[in-house]
Amino acid sequence: MEIHQLQQPVHSTREERRKQTLPKYSPAERDELIKKFHPDHRESAYRPIKFGPNAGELTVHELAALLEGDSPVPADLDLTPMHAVDILVLGGGGAGCAAALHAHAAGANVLLATKLRLGDSNTVMAQGGMQIAVTREDSPVQHFLDTLKGGHMQNDHELLKLMVEEGPGVAKWLLGLGVLFDRDPDGNLHVKKGGGSSKPRLVTCSDYTGLEIMRVLKDEVLNQKIPILEFTAAVELLSDEHGACTGAVLRDLDNNRFVVVAAKAVVMATGGIGRLHIQGFPTSNHYGATGDGLALAYRMGARLLQIDTFQYHPTGAVYPEQLAGALVTEGIRSEGGHLVNGKGERFVNELDTRDVVSSCIIRECEEGRGVRTMAGRVGVWLDTPLLELEQGAGTLQKHFPAMVRQYQRYGIDIVNDPVLIYPTLHYQNGGVRIDVNSESEVQNLFVAGETSGGLHGRNRLMGNSLLDLMVFGKRAGVTAGGRSKSMPQGALTLEHLKRFRAEGVKRGVSSGVSSPMVLPEYAKKA
Ligand code: MEZ
């Protein structure tokens with residue numbers, strides 16, 4: 001059947017659905033749905049990690065292989081440094097740039113190395129906003145409670161408290177740097193409501209919030225003349241005789257040569273893991289999101305948290321094939337867009353938390369109420385034309401210009417036609433355990449942003465990732481930058497790697513996997 005014919009039930013049921021209010025599921029129903037349909041609960045997707053700090057714990061096969069994989073760095077590599085700095089920042093996304101700027105402001109000599117171009121990151125993929133309690137009707141306490149509930153009460157309370165309390169300061173800093181957040185007619189910051197939140201709390205830049213923030217951060221890194229190495233990927237960390245972090249081995253992707261950097265402290269902000277395509281899921285993540293930081297920190301001895309839980313964003317594009325996995329912002333549901341199955345029925349309150357909504361979409365598809373494309377993908381509809389009816393003609397173009405354009409490029413007009421969606425691998429809920437200053441269990445190894453874990457519990461709320469990057473990027477930069485002034489450079493060794501390799505041999509593990517992955521597997525086959 002042609003896609004237009006498949007869309008008919010959405011058009012024919014729209015008027016009826018407009019009168020409907022769907023109740024939210026009870027806590028018991030939510031738990032049951034998640035256990036039955038959420039990909040985190042597919043037992044066959046998991047196995048215990050064989051060695052290292054998280055030995056015996058379960059994670060997905062793709063990540064376990066990466067953690068147990070072998071470094072490309074030979075044990076006898078000449079460790080004469082090509083660069084010697086106070087702070088080495090790994091990663092050129094939001095957390096990396098924030099850390100670099102704050103370390104620089106603290107008087108440290110900073111080098112920022114990034115595997116692709118400055119700004120290529122999941123930060124730019126965060127479309128729908130950043131949660132900050134900025135209105136009179138809201139408070140950091142309310143933000144704390146919503147986030148805790150969304151995270152199934154598994155969030156680190158100390159980290160969460162800091163994040164919500166420091167939110168307003170982050171908004172001020174970004175405004176000062178020139179981020180053009182949306183405003184109300186009276187000039188106040190305009191806020192929108194996201195899934196799982198009790199109050200409108202998302203500050204936005206239309207549907208390209210992360211892109212706008214990144215534009216400004218990139219400019220500022222350049223303005224401050226912070227040295228940058230682009231197309232240079234971190235492939236190993238360096239340690240001294242006490243196991244503290246003292247720098248990194250990078251690989252110049254232009255000529256494949258190793259680049260040794262001595263640093264008094266390293267801030268790892270290497271981002272997410274979507275390009276591992278866990279359980280075969282498509283992803284909303286950028287091309288470099290291969291979980292490199294997790295593997296590097298792990299063999300240094302840093303413990304990982306909650307690495308058995310991942311976020312599958314409910315609305316990833318299914319059609320056209322070229323967009324498979326691309327994000328369709330939660331903002332569309334926040335503004336009233338219905339999720340509709342192949343029979344024209346709504347099946348979940350669209351503003352429930354992401355894990356619940358995704359579970360319900362998977363349920364609809366598994367139970368035969370989904371819509372199959374010619375390419376064999378399955379999904380349900382997101383009724384975008386409804387927004388024009390409810391909020392007036394021109395709403396989509398005004399509030400979601402990036403989304404309109406994303407589809408227009410393929411001849412699809414989301415003003416008149418709904419879009420087909422299915423959960424897409426979006427975020428790694430867990431990551432490297434950090435303290436309130438973003439320091440991992442390895443001394444002088446700081447971790448910020450998506451590579452870190454604990455803050456979001458088992459399900460992150462929309463918009464909390466952008467705030468996380470800014471708060472903990474700053475904390476890493478300020479602490480590492482401040483500390484570096486009174487600290488000598490430690491010795492550069494690969495002792496941790498020798499120990500890790502020896503443990504792997506002892507456990508009989510020889511996976512043959514090179515780790516970190518650096519670029520997705522399919523990039524290497526191309
Ligand atoms: O925080 C996010 O994941 C986000 C803002 C995504 C979106 O749907 O726009």
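First listed ligand is number 1; within each ligand, the first listed atom is number 1. Values reported hereafter were calculated over all heavy atoms of this structure, with side chains retained and with hydrogens, waters and symmetry mates removed.
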Q. Which atoms form the tightest heavy-atom contact between Tyr427 and Asp468, and what is the distance?
A.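 Looking at all heavy atoms of both residues, the closest pair is OH-OD2, 3.7 Å.
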Q) Cut-off 3.5 Å, side chains only: do Asp355 and Gln311 have a donor facing an acceptor? A)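 Absent: no donor and acceptor within the cut-off.
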Q | Cationic N near anionic O, under 4.0 Å, Asp120 to Lys115 | A |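 A salt bridge is absent here (no side-chain N lies under 4.0 Å from a carboxylate O).
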Q. Is Glu32 salt-bridged to Lys36, going by a charged N under 4.0 Å from an acidic O?
A.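 Here Glu32 does not pair with Lys36 in a salt bridge, since their nearest N and O are not under 4.0 Å apart.
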Q. Who passes side-chain hydrogen bond (donor to acceptor under 3.5 Å, both in side chains) against Glu158, sequence neighbours left out?
A.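 Result, side-chain hydrogen bond (donor to acceptor under 3.5 Å, both in side chains) vs Glu158: none returned.
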Q. So how far is it from Arg354 CZ to His313 NE2, rounded to the nearest 0.5 Å?
A.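 It is 4.0 Å, given to the nearest 0.5 Å.
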What are the distances between nitrogen or oxygen atoms of ligand 1 and protein nitrogen or oxygen atoms, counting only those under 3.5 Å?
{"unit_1": "ligand 1", "atom_1": "1 (O)", "unit_2": "Arg460", "atom_2": "NH1", "d": "2.9"}
{"unit_1": "ligand 1", "atom_1": "1 (O)", "unit_2": "Gly463", "atom_2": "N", "d": "2.8"}
{"unit_1": "ligand 1", "atom_1": "3 (O)", "unit_2": "Arg354", "atom_2": "NH1", "d": "2.9"}
{"unit_1": "ligand 1", "atom_1": "3 (O)", "unit_2": "Arg354", "atom_2": "NH2", "d": "3.2"}
{"unit_1": "ligand 1", "atom_1": "3 (O)", "unit_2": "His426", "atom_2": "NE2", "d": "2.7"}
{"unit_1": "ligand 1", "atom_1": "3 (O)", "unit_2": "Arg460", "atom_2": "NH2", "d": "2.8"}
{"unit_1": "ligand 1", "atom_1": "8 (O)", "unit_2": "His313", "atom_2": "NE2", "d": "2.8"}
{"unit_1": "ligand 1", "atom_1": "8 (O)", "unit_2": "Thr329", "atom_2": "OG1", "d": "3.4"}
{"unit_1": "ligand 1", "atom_1": "8 (O)", "unit_2": "Glu330", "atom_2": "N", "d": "2.8"}
{"unit_1": "ligand 1", "atom_1": "8 (O)", "unit_2": "Arg354", "atom_2": "NH2", "d": "3.4"}
{"unit_1": "ligand 1", "atom_1": "9 (O)", "unit_2": "Gly128", "atom_2": "N", "d": "2.7"}
{"unit_1": "ligand 1", "atom_1": "9 (O)", "unit_2": "Thr329", "atom_2": "OG1", "d": "2.6"}

